[in-house]
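Here's the structure we're looking at; comments come further down.
In what follows, chains are A, B, ... by sequence order, proteins preceding strands, each numbered from 1. All values below were derived from every heavy atom in this structure, side-chain atoms included, with hydrogens, water molecules and symmetry-related copies excluded. It should be emphasised that the depicted structure is a prediction, and the values quoted were computed from it without experimental measurement.
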Amino acid sequence: MDKTRYKEYKSIDLGQVGEEVLAFWLKNRIFERSVEEREGAETFTFYEGPPSANGTPGIHHVMARTVKDIFCRYKTMKGYQVKRKGGWDTHGLPVELQVEKELGITKDDIGTKISVADYNEKCRNAVMKYKDDWDRFTQEMGYWVDLDNPYITFERSYMESVWYLLKSFYQKGLLYKGYTIQPYSPAAGTGLSSHELNQPGCYRMVKDTSIVAQFQVERNERSEFLYKFDDQVPVYILAWTTTPWTLPANSALAVGSKIQYVLVRTFNQYTHEPVQLVLAKDLVSRYFTATENTIEDYQPGDKDIPYSLIQEFSGKDLIGIDYQQLMPYVPLDKPAFTVVPGDFVTTEEGTGIVHLSKTFGADDYRTCEQYGIPGVLVKDSEGKEVPIVDKKGRFVDEITDFAGMYVKNYQDEDESDPNYRSTDVLISIKLKEENKAFKVEKYEHSYPHCWRTDKPVLYYPLDSWFIKTTAFKDRLVELNQKINWKPASTGTGRFGNWLENLVDWNLSRSRFWGTPLPIWKTEDSKEERCIGSFQELKEAVEVSVAKGFMDNPLPEDFDLHRPYVDEVVLVSTNGERMFREPDLIDVWFDSGAMPYAQWHYPFQNEGTFETAFPADYIAEGVDQTRGWFFTLHAIAGMLFDSVAFKNVIAHGLVLDKNGNKMSKRLGNAVDPFDTMNSLGADATRWYMIGNANPWDNLKFDIAGVEEVKRRFFGTLQNTYAFFALYANIDGFQYQEDEAAPEHLKESDHWIISRLNSLIKDVDASFEEYEPTRAVRAIQDFVIDDLSNWYVRLNRKRFWDPASLETKASLDKVAAYQTLYKCLKVVAKLSASVAPFYADLLYRDLNTVSGRESHDSVHLSLFPEVEESNINLDLEAKMRLAQQISSLVHSLRKKHRIKVRQPLTKILIPILRESTKHQIQAVEELIKWEVNVKEIEYVDDTSGILVKKAKPNFRKLGQLYGPLMKELGQKIRNFHHDEIQVLEQGSQLEVHVGDQTVYLTEEDVEIVSEDIPGWSVANEGAITVALDITITEDLKQEGIARDVVNRVQNLRKEMGLNVQDKINIVIEKNNNLVNRALESNQEYICKETQALSLEIAEELTDGKLLEMDDIKLKVKIGV
RNA sequence: GGGCCUGUAGCUCAGGUGGUUAGAGCGCUACACUGAUAAUGUAGAGGUCCGUGGUUCGAGUCCACGCAGGCCCA
């Protein structure tokens, strides 16, 4: 490789660049070195949220991992040591279902058709099925993470740490056995998963007895308002249910806080007693019909029952009201029998008030838990608390009137028998008699049935282990406030609200492939033991072996999974057998345990763990809010009283270009490998970050990636190619001294200033976890400032024939150095987002100059801002130059005068001397850019300036609010004299309405938008006029420029080199053209590298060139 | 049903603290430029700033209620 020449490319294929740079990284261990070389530096800790390798990577993973990668790379360049351990999430239901599908079995077959051991072995293999794809994906997309030493959640060391954590919870009394409400089939005696419940045919239309029950309100301060109009008639709250058998288990009523309710005075249709009833306003018409009959006239037995609305109130007013227990078989402590809010309450059905039985409904349970309301439970023969319906579906003895009766027809009784009475009906009859039923009727609805027995399913409390997160709710909320969430709303809203409404974490899963719950119990449940390490288990087993409960001690390679762990029987303190609780734990506990378990803490690497906790940064999809984000937070907060992460980006989804969810089934999923191969990982990454903020959903459009590739990478590469072409010709290697500031042109100072502003901006954006802002800033700089302005304006300096050794070349050196610096800095700033191309660019530059000793941009340091180089005044000047040029271009356009045609002058009205100085500083640039010979400044003394005043709304509005409309109009109408008063610094008195207002110069903006008789254009405060007269001389010059242009084209056609010399012969033409050629001979020769320009009488073998209406015969000799 | 996010040009997106001509890129149309050339520039057309109310002298921006889409939870 030639280290003295900048590498030149014919064209650049970003996909190929990726491959080559990746090979370079691997060969030179760049990733490893980027960590090793920072040994001893301050650490920046990143936690990898483990993916599951049982599916192939999708394009959304590019998004997720780019967001992670950017900040790790950025922090490395800022000098931190950033270790990042990879990881794999391996346990859980998706793997199990996948295996079951592959084997064509169901959960019931496990343990019969296939042994648990074999089944788990299948899962272990299935979960790493696509590991190779993932590893390849990780490399190709340029995601740097340690793939050689990943943590794997099914490994024993990992599981051992998980057990340690579980035991810590247990010891603090935070791990307890309770119950959750799950679908349960009494006929089959087993719980059903939601998966099983979704089998076709499970939900079936059935006719059940439904009842609207009357719950009598306790009269007290809270409920007094209900008795305001009639304190003689008792008030009842109406609640509807399709499962009357749950009424003895009622412990609360739920209302919608925002729903409107009414109090109705009427009579009970069964007992004819006067009642006052509470129900949702919208549902009154469902239960009452208008009648002639009045409350006063009503006689018991009347068919038409009168009613009248007494008052209206919102659900909020009902909250906290107490009522009498409807069926008082089992007494309960307060706050039972209270009205609570429920977000599931609607006015679609029933009464707008929902009866809650904590033991027989999931919503019910959740809501009661939230408000600390107990469930209706009784003690069984062993003193254990059980619900009032046993596992066979029968009422327990405590429900005296119905003891032993099945709540549903589980005995195949003949329902068509006229004497058949279901339990629901019997309950209804009893309530009618007691004036507790407002309405009883048959109701047809869809109800789930057991797919094995065809019998109705009950929602029933089943044993479950919980972590008592509610005990730490306040602390978790508090800790959350220390976390920097991007976007903030996810932290305060989605996550914060969820913490506020926290319920205990249900840990139990009744599956096979997962971390087993390390709790052993005696058969009578009197004693239990939680195991926290392999060693502890091993020692316990030794006792067991001694006792004769087990045959052999545990082998050193003992697998903690089922079924092996289930075979372990321990010994209780009084010598009884202890068996493991059969549950597995929630896989989310696995992943939430990764800060500790990835290091096998506390059994190993204690020091490593301590320096790497908590994480400085994590990033995952917003769908992880209640998943990983929560489990990390809960474990860290409850066991370590710390946050688990300090900064977090919760990014959005990647949708297809039409905003639909991508799915392999619908065929709109984008293959990440295809995209990266054809357009490059860099362009893909850049597009994903630049197009929208990561936390907004991304509508992925491949056309967008193409645009990024062409516009950003194409432009950047072009700029480099331009640099390399001329630097090689001149032998520029950046070995000479730094050009002295006085040898830098204004535009050099400008681009260096812009460059430093950019560094500052990009650094701050990354620091604040705003990658999109950083990417857009870099992009704008490269395209607008560097390529379209700096390079375009300075091209001439690079092809100046002066050689670098001469004194005349100082300007050229300045230009090369400036452009080099810009490219190098851009490479560094872009490196975290476009790691491949940026590294190539950096090395292409640095290999020749050798100015930095790093082998890769990723080993180098982030550029430092040099504040002294930022010259905001200069940046403002250049903006003026750009603005003025753009205005002149548009004027030329309007008059159809092309830029090649020189013009005499432009006029710029000047209201302030300072503006004039600013423009003068960039005058040369403007003249060059728009091809005019002179800029004339027009000020007051010229007498042709027309000034206008515009109100400064921001300032005046605050002072004269209501007068603004009129005042604004007056200011706009100011004449020259009035403006002059202001300009001289005097106050101007203005009468608005009946008020007098005193204005000063600062209250208005004075502009000049017009010069009478000239063609003008304006933008903001800048106005430009163009002199469009084309003199004979100008015309000739224009022709000369045209000729140069055509000759250059010919040179190119002939394949001549930039330095090749030529001789030009042109056939005699009309007088104008001849004179143009004669008087501009020198200019034409210089521009075209011509040694001579001859005008011949006749040219037989020349080429015919057309320039507008001129036809020219030209011959070029070499 | 609840929480959160999003809604600005045909498309993708910018638009601190309210301030009077609402911007960029792509696409489209036209023109120009052409030792960076499979590049580039300029101009033009294109807007009910999702809707309705409100606050205000003034609302894309603030408030309320809706509508549509998305995510999570029920």
Task: Residue A:R710, side-chain atoms from C-beta onward, closest of B:C26, B:A14, B:A36 - done: B:C26
Task: Interatomic distance where CZ belongs to A:R776 and C1' belongs to B:A24 [whole Å] - done: 10 Å
Task: Nearest-neighbour nucleotide for the A:K699 side chain, B:A74, B:U12, B:A39 considered - done: B:U12
Open item on the list: Need one value for A:T490: base, sugar-phosphate or nothing, where a base atom within 4.0 Å counts as base even if backbone is also close, heavy atoms only.
Closed with: nothing
Task: Interatomic distance at P, B:A38 relative to B:C49, whole Å - done: 44 Å
Task: Separation of the P atoms in B:U56 and B:G51, to the nearest angstrom - done: 22 Å
TODO: Quick one: look up who B:G1 pairs with, Watson-Crick or G-U, both distances under 3.5 Å, and put none if it's unpaired.
DONE: B:C73
Task: Rounded distance (Å) that lies between atom P of B:A39 and atom CZ of A:F712 - done: 18 Å
Open item on the list: Could you tell me how far apart A:D780 (CG) and B:G25 (C1') are, to the nearest whole angstrom?
Closed with: 9 Å
Open item on the list: Could you tell me how far apart A:D656 (CG) and B:C71 (C1') are, to the nearest whole angstrom?
Closed with: 16 Å
- [ ] Ignoring the backbone of A:D363, work out which of B:A36, B:A14, B:A74 is nearest its side chain.
- [x] B:A74
- [ ] Kindly assign one of parallel, tilted or perpendicular to the pair A:F732 and A:Y6, based on the angle between their ring planes and the thresholds 30° and 60°.
- [x] parallel
Open item on the list: Could you tell me how far B:A22 sits from B:C13 if I compare only their P atoms? Round to whole Å.
Closed with: 23 Å
- [ ] Using distance alone, with no hydrogens and no angle criterion, decide if A:Q370 and A:N501 have a side-chain donor and acceptor under 3.5 Å apart.
- [x] yes
Task: Sugar-phosphate, base or nothing in reach of A:N788, heavy atoms under 4.0 Å - done: sugar-phosphate
Task: Paired nucleotide for B:A68 [Watson-Crick or G-U wobble; both distances under 3.5 Å] - done: B:U6
Task: Rounded C1' spacing from B:G60 to B:C50 in Å - done: 12 Å
TODO: Give the rounded distance in Å between these two atoms: CG of A:N693 and P of B:G15.
DONE: 8 Å
Open item on the list: Taking only side-chain N and O atoms of A:N497, does any of them lie within less than 4.0 angstrom of OP1 or OP2 on B:G2?
Closed with: no
Open item on the list: Need one value for A:V791: base, sugar-phosphate or nothing, where a base atom within 4.0 Å counts as base even if backbone is also close, heavy atoms only.
Closed with: base
Task: Base-pairing assignment for B:C62 (Watson-Crick or G-U wobble, both under 3.5 Å) - done: B:G54
Task: Residue whose nearest RNA chain B nucleotide is more 5′ - A:L786 or A:R366 - done: A:L786
Open item on the list: Using the P atom as the point on both nucleotides, what is the distance between B:C73 and B:C26, in whole Å?
Closed with: 41 Å
TODO: Take atom P in B:A64 and the same atom in B:U55, then report the distance between them in whole Å.
DONE: 15 Å
- [ ] Whole angstrom is fine here: how far is it from CD1 in A:I783 over to C1' in B:C26?
- [x] 12 Å
Task: Any A:R494 side-chain nitrogen or oxygen under 4.0 Å from OP1 or OP2 of B:C72 - done: no
Open item on the list: Just so I know, are the side chains of A:W686 and A:Q779 near enough to count as touching, which here means a heavy-atom distance under 4.5 Å?
Closed with: yes
Open item on the list: I'd like the C1' distance from B:A14 over to B:A9, given in whole Å.
Closed with: 13 Å
Task: Distance, P atom - from B:C62 to B:G44, rounded to whole angstrom - done: 31 Å
Task: Base B:A36 paired with A:S787 side chain (donor-acceptor, <3.5 Å) - done: yes
TODO: Provide the Watson-Crick or G-U wobble partner of B:U12, both distances under 3.5 Å; none if there is no partner.
DONE: B:A24
Task: Watson-Crick or G-U wobble partner of B:U40, both distances under 3.5 Å - done: B:A32
Open item on the list: Under 4.0 Å from OP1 or OP2 of B:U12: is there any side-chain N or O of A:N691 that close?
Closed with: no
- [ ] Tell me yes or no: between the side chains of A:Y790 and A:D784, is some donor less than 3.5 Å from an acceptor?
- [x] no
Task: Atom-pair distance (NZ on A:K486; P on B:C4), nearest Å - done: 19 Å
Task: Earlier contact from the 5' end, RNA chain B, for A:Y687 and A:R711 - done: A:Y687
Open item on the list: Apply salt bridge (Lys or Arg N to Asp or Glu O under 4.0 Å) to residues A:K486 and A:E770 and explain how you reach the verdict.
Closed with: CA-CA 8 Å; A:K486 299 300 281 192; A:E770 291 275 359; 2.9 Å; yes
Open item on the list: Minimum heavy-atom separation for A:E369 and A:K358, please, with both atom names.
Closed with: OE1-NZ, 3.1 Å
Task: Any side-chain heavy-atom pair of A:L716 and A:L823 under 4.5 Å - done: yes
Task: Rounded interatomic separation in angstrom, taking CZ from A:F722 and P from B:U40 - done: 15 Å
Task: Salt bridge flag under 4.0 Å for residues A:D656 and A:K699 - done: no
TODO: Would you mind telling me which of B:C71, B:G41, B:C5 lies closest to the side-chain atoms of A:V622?
DONE: B:C71
Task: Nucleotide of B:A14, B:C71, B:G25 approaching A:E707 most closely (side-chain heavy atoms) - done: B:G25
